[in-house]
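Here the structure comes first, spelled out in structure tokens, and everything after it is commentary.
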Amino acid sequence: MPELPDVEVYRRRLAHAGLHRPIERVRVRDSTVLRGFSSQRVTRALRGHRLVDTSRRGKHLFAAMSDPATLVMHFGMTGVLQVHDRLHEPGPHERMALEFRDGGVLSIVDQRKLGFVTVVDDVTAYCHDHDLGPDALALGLGDLRALLRGYRGGVKSLLMEQSSIAGIGNIYSDEIVFQARIDPRRPAASLDDAAVRRLHRQMSRVLRLAADRGADPSRFPEGWLLRHRQHHAPCPRGNGQIQKIRLGGRGAYYCPACQR
DNA sequence: AGTACCACCTGACGGC
DNA sequence: TGCCGTCAGGTGGTAC
């Protein structure tokens, strides 16, 4: 699940229900999510403090603490952030949880364990060290134009390049180029100005709309590719058949009739 | 610089 | 029913 819209949904959930609640206990149920950080260090940074502010950059979620530290969360392929008002029994894939003094629980569930949690002092330095580009929703038309011009690979590949644009993954890159009617393999530098504008408009529109609908595909418009992401499915625009191809080792879906 | 492949993990699915 | 290969919305390292 977790591309930009999903992580934005988690951020809003955290901002709405997880702030200013004193943390009484930290449950680390699978320390591999800490990627080498010790449970002691993370527990020390969190216990007795509160989360006071949220932010997001691409697929990374940050929660500033009431001391100088910041909690960093990444959700990999299957991570989910849940906030419960009352004590909640951990499910089988819960990796870590914060128990609030008021009895509520913030729980991180991640079946495949490709996500991680860490604590940092300096978010800006963290983003720099991890080569994280600007958030996709903060990218202006001129920024996107410059990135496209300077990139020698395909459009979809650039959209997924986290060091250039943070937040877009396999699913939403397919959706964005579908809505912009651009072939995913088309060389980025070959887009004319009209195509660059379509791509920029659809990038913002798709990501914002998806987040506003809770990143729940069943609530997405019928005309979205997301709802027809199957080899040989009819194109929701009625022009052709969806094709599945292999791009960078991953499945990419597109409509050869609409996307050029 | 861009791409291809592997690794990290778990689970679901189709074919035999 | 069981076994096997493949695939799944992420990222990092390596080797062209």
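Note on naming: letters A, B, ... go to the chains in the order of the sequence lines (proteins, then strands), and numbering restarts at 1 for each one. Remember, it's a predicted structure, so these values are computed and weren't measured experimentally.
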Is any side-chain N or O of [X] closer than 4.0 Å to OP1 or OP2 of [N]?
X        : N      : value
A/Lys113 : C/dT11 : no
A/His74  : C/dT11 : yes
A/Thr78  : B/dG11 : no
A/Tyr151 : B/dT3  : yes
A/Arg229 : C/dG9  : yes

Could you state the [atom1]-[atom2] distance from [X] to [N], rounded to the nearest angstrom?
X        : N      : atom1 : atom2 : value
A/Ile171 : C/dT11 : CD1   : P     : 14 Å
A/Leu61  : C/dG10 : CG    : P     : 17 Å
A/Glu161 : C/dT11 : CD    : P     : 10 Å
A/Leu148 : B/dG2  : CG    : C1'   : 15 Å
A/Met73  : C/dT11 : CE    : P     : 16 Å
A/Arg35  : B/dA7  : CZ    : P     : 17 Å
A/Tyr172 : C/dG10 : OH    : P     : 11 Å
A/Glu94  : B/dT10 : CD    : P     : 17 Å

Check every atom of [options] against the side chain of [X] and return the nucleotide holding the closest atom.
X        : options               : value
A/Gln111 : B/dG11, C/dG9, C/dA8  : B/dG11
A/Met77  : B/dC8, C/dA8, B/dT3   : C/dA8
A/His93  : C/dA8, C/dG9, B/dG11  : B/dG11
A/His130 : C/dG12, C/dG10, B/dT3 : C/dG12

SB check [X] [Y] (cutoff 4.0 Å):
X        : Y        : result
A/Arg145 : A/Asp193 : yes
A/Asp212 : A/Arg12  : yes
A/Arg21  : A/Asp102 : yes

Assign [X] to base, sugar-phosphate, or nothing according to its heavy-atom contacts below 4.0 angstrom with the strands shown.
X        : answer
A/Gly167 : nothing
A/Gly115 : nothing
A/Arg152 : sugar-phosphate
A/Gly249 : nothing
A/Gln162 : sugar-phosphate
A/Arg246 : sugar-phosphate

For [N] versus [M], give the span between their [atom1] atoms, rounded off to a whole number of Å.
N     : M     : atom1 : result
B/dA4 : C/dC7 : P     : 15 Å
B/dC9 : C/dC3 : P     : 23 Å
B/dC5 : C/dT6 : P     : 14 Å

**OP:** Examine the base of C/dA8 for any acceptor or donor lying under 3.5 Å from a partner atom in the side chain of A/Arg250, and report the outcome as yes or no.
**Re:** no

Original post:
Can a donor-acceptor pair under 3.5 Å be found between the side-chain atoms of A/Asp6 and the base atoms of C/dG9?
Top reply: yes

Original post:
When hydrophobic residues are tied together by side-chain contacts of less than 4.5 Å, even through go-betweens, does A/Met65 share a cluster with A/Met96?
Top reply: yes

**OP:** May I ask you to check if A/Arg237 and A/Phe178 form a cation-pi contact, with NZ or CZ under 6.0 angstrom from the six-membered ring centre and within 45° of the axis?
**Re:** yes

**OP:** Return the orientation label for the A/Trp224 and A/Phe220 ring planes: parallel under 30°, perpendicular over 60°, tilted otherwise.
**Re:** tilted

Original post:
Quick one: CZ on A/Phe75 to CG on A/Leu61, what's the gap to the nearest 0.5 Å?
Top reply: 5.0 Å

Original post:
With A/Asp183, which of A/Arg185, A/Arg186, A/Arg181 fulfils side-chain hydrogen bond (donor to acceptor under 3.5 Å, both in side chains)?
Top reply: A/Arg185

Original post:
For DNA chain C, what dot-bracket results from Watson-Crick or G-U pairs at under 3.5 Å, with [ ] for crossers and | for inter-strand partners?
Top reply: .|||||||.|||||||

**OP:** Please assess A/His228 against A/Glu222 for the test side chain to side chain donor-acceptor pair (under 3.5 Å), listing each intermediate value before the final yes or no.
**Re:** CA-CA 9 Å; A/His228 310 269; A/Glu222 177 56 30; 3.3 Å; yes

